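Numbers here are sequence positions counted from 1. Both counts, for ligands and for their atoms, begin at 1 and track the order of listing. Note that the coordinates shown come from a computational prediction; the quantities given were computed from them, not determined experimentally. Worth knowing before you read on, the calculation uses all heavy atoms, side chains too, and leaves out hydrogens, waters and symmetry mates.
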Amino acid sequence: MDLKGKVAIVTGGVSGYGRAYCEELLRHGCKVSVCDIDSDAGDEMVHNLSKIAKDRVIFCPCDVTDYPQFEEAFQTTISKLGGVDIVINNASLMNDRLWELEVDVNLNGIIRGLLLAYRFMGRDRGGCGGIVINAGASSSAHPMISLPVFTATKHAVAALTSCYGDKLHVNLTGVKVIAICPAPTEAHLAADPRKRLLSGEYEQAWHADISNTMPVKCEYVAKTLIDLLKKAPSGSSWLVENGQLPKQMSLFP
Ligand SMILES: NC(=O)C1=CN([C@@H]2O[C@H](COP(=O)(O)OP(=O)(O)OC[C@H]3O[C@@H](n4cnc5c(N)ncnc54)[C@H](O)[C@@H]3O)[C@@H](O)[C@H]2O)C=CC1
Ligand SMILES: CC/C=C\C[C@H](O)[C@H](O)/C=C/C=C/C=C\C=C\C(=O)C/C=C\CCC(=O)O
């Protein structure tokens, strides 16, 4: 896919990987709709980015657990940026103490984003097709014993990607579906796990889960996103580790 002039929606676009994705997509000539629950930070980010990407970046308030608001973000993007070609379903929560919300953001939020992508981009619905990238994690394939619900959501994202990425759906809709599954950042490895684990008994398991895990830099993952957009086959999930070529995950051997 030639990225110049393409319109991308990035959920959870205000910080971390999402922010790096927005900046990298702008560098490659895309128009970007930054969609996030944090409106103050979103407005400030877009104000700053507008200085270098005038008329190519907007902010849309968007809680991925709220279907009508998510739908409005698509409609605003289309009316202000002229269409939508790429959806990066990136917003996520890692907190098994809030497990119902975690499932609603990490899995249902991605399903909402996919269904909206089909509605606005699907060739069977009068659209032009496009690409959806879903946010998995290294834990999509390597279980984190200390975070069973988080791991389940990320595993489900890879399974969803594999099914919706199949040629049955791609032939119908013209929408490719791919998952990006990064290793953790330094900040996440260093953060206090106690607020995220369902039991204090799991703390040792957390340290075992992350032992020998090398942190990855947001900028590196963002560059890999561009490669995946250009080359990855639909239905594939890719483990991204720092400085290494992405490795295709085998979910259903
Ligand atoms: N940071 C890490 O170590 C890793 C992150 N990932 C995945 O990468 C993606 C991004 O992670 P990070 O950059 O760490 O996130 P982050 O915590 O830096 O940013 C998450 C963003 O999502 C937004 N957000 C939260 N709930 C939302 C909702 N309901 N609707 C819309 N936006 C919402 C937040 O306001 C924030 O801007 C996630 O899917 C995460 O699981 C995967 C592996 C490792
Ligand atoms: C190369 C990797 C191989 C193995 C890795 C380990 O086995 C295991 O998978 C370790 C995973 C560690 C993951 C750590 C952090 C993940 C963080 C996120 O996905 C962040 C999620 C949401 C962001 C919002 C929030 O902080 O709640």
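In this structure, C181 does not count as a contact residue of ligand 1, since none of its heavy atoms falls inside 4.0 Å of the ligand. Contact annotation: N95 has no heavy atom less than 4.0 Å from any atom of ligand 2. Ligand 1 has no atom lying under 4.0 Å from any heavy atom of L93. T11 does not count as a contact of ligand 1, since none of its heavy atoms falls under 4.0 Å from the ligand. Using 4.0 Å as the threshold, C35 has no heavy atom nearer than that to any atom of ligand 1.
Among protein heavy atoms, the minimum distance from atom 26 (O) of ligand 2 is reached at H188 NE2, 2.8 Å. The closest protein non-hydrogen atom to atom 30 (N) of ligand 1 is V64 N, 3.0 Å. The shortest contact between atom 2 (C) of ligand 2 and any protein heavy atom is with S138 CB, 3.7 Å. For atom 27 (C) of ligand 1, the closest heavy atom belonging to the protein is I37 CG2, 3.9 Å. Considering only non-hydrogen protein atoms, atom 11 (O) of ligand 1 sits nearest to Y17 CD1, 4.0 Å. From the protein, the heavy atom lying nearest to atom 19 (O) of ligand 2 is F150 CZ, 3.0 Å. Atom 9 (C) of ligand 1 has N90 OD1, 3.1 Å as its closest protein atom, hydrogens excluded (heavy atom only). With hydrogens left out, the protein atom closest to atom 27 (O) of ligand 2 is M94 N, 2.7 Å, a heavy atom. Distance from atom 14 (C) of ligand 2 to its nearest protein heavy atom, with residue and atom name: P184 CB, 3.3 Å. When hydrogens are left out, the protein atom nearest atom 6 (C) of ligand 2 is D209 O, 3.6 Å; that is the closest non-hydrogen contact. Looking only at heavy atoms of the protein, atom 29 (N) of ligand 1 is closest to D63 OD1, 2.9 Å. Here the protein heavy atom with the shortest distance to atom 31 (C) of ligand 1 is C62 O, 3.1 Å. Nearest to atom 3 (O) of ligand 1 among the protein's heavy atoms is T185 N, 2.8 Å. What sits closest to atom 16 (P) of ligand 1 on the protein, heavy atoms only, is S15 OG, 3.4 Å.
If you look at R19 next to ligand 1, there are no close heavy atoms at all, none under 4.0 Å. Under 4.0 Å from ligand 1, not a single heavy atom of S139 appears. With a heavy-atom cut-off of 4.0 Å, C218 does not touch ligand 1 at all. Heavy atoms from both the backbone and the side chain of H142 come within less than 4.0 Å of ligand 2.
Taking 4.0 Å as the cut-off between side-chain N and carboxylate O, R112 and D63 do not count as a salt-bridged pair. A salt bridge links R19 with E23; the closest basic N to acidic carboxylate O contact falls under 4.0 Å.
At under 3.5 Å, a nitrogen or oxygen of H188, whether backbone or side chain, sits near a nitrogen or oxygen of ligand 1. In terms of polar-atom proximity, G13 is not counted as a contact of ligand 1, lacking any N or O under 3.5 Å from an N or O of the ligand. Between T213 and ligand 2, not a single N/O pair is under 3.5 Å apart. An N or O contact shorter than 3.5 Å links D36 to ligand 1 by distance. An N or O contact shorter than 3.5 Å is missing between S138 and ligand 1 by distance. For the pair S92 and ligand 2, the shortest N or O to N or O distance does not fall below 3.5 Å.
Using a 4.0 Å threshold on non-hydrogen atoms, atom 1 (N) of ligand 1 counts as touching the protein.
Here the rule is side-chain contact (heavy atoms from CB on, under 4.5 Å) with H47, and of E44, K51, M45 only K51 fits it.
Which parts of ligand 2 touch E241 is read off a 4.0 Å heavy-atom cut-off, strictly below it: atoms 1 (C).
In summary, the side chains of T161 and N134 do present a donor paired with an acceptor at a separation below 3.5 Å, with no hydrogens or angles considered. Residues S138 and K154 bring no donor and acceptor atom of their side chains to less than 3.5 Å of each other. With 3.5 Å as the limit, one finds a donor-acceptor pair spanning the side chains of D209 and S146. When only modelled atom types and interatomic distance are considered, T173 and D124 share no side-chain donor-acceptor pair under 3.5 Å.
From F120, atom CZ reaches atom CD of E71 across 5.0 Å, with rounding to the nearest 0.5 Å.
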request  = In sequence, state the C-alpha distance, the side-chain angles, and the governing distance for K4 and D2, and then conclude on salt bridge (charged side-chain N to carboxylate O under 4.0 Å, His left out).
outcome  = CA-CA 6 Å; K4 199 166 171 15; D2 179 13; over 6 Å; no

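Around atom CH2 of W99, no more than 12 heavy atoms belonging to other residues, nucleotides or ligands sit under 6.0 Å away.
Considering only non-hydrogen atoms, atom 11 (C) of ligand 2 lies nearest to M144 out of K154, R196, K195, M144.
Taking the six-membered ring where the residue is Trp, F74 and F70 present tilted rings, their angle falling between 30° and 60°.
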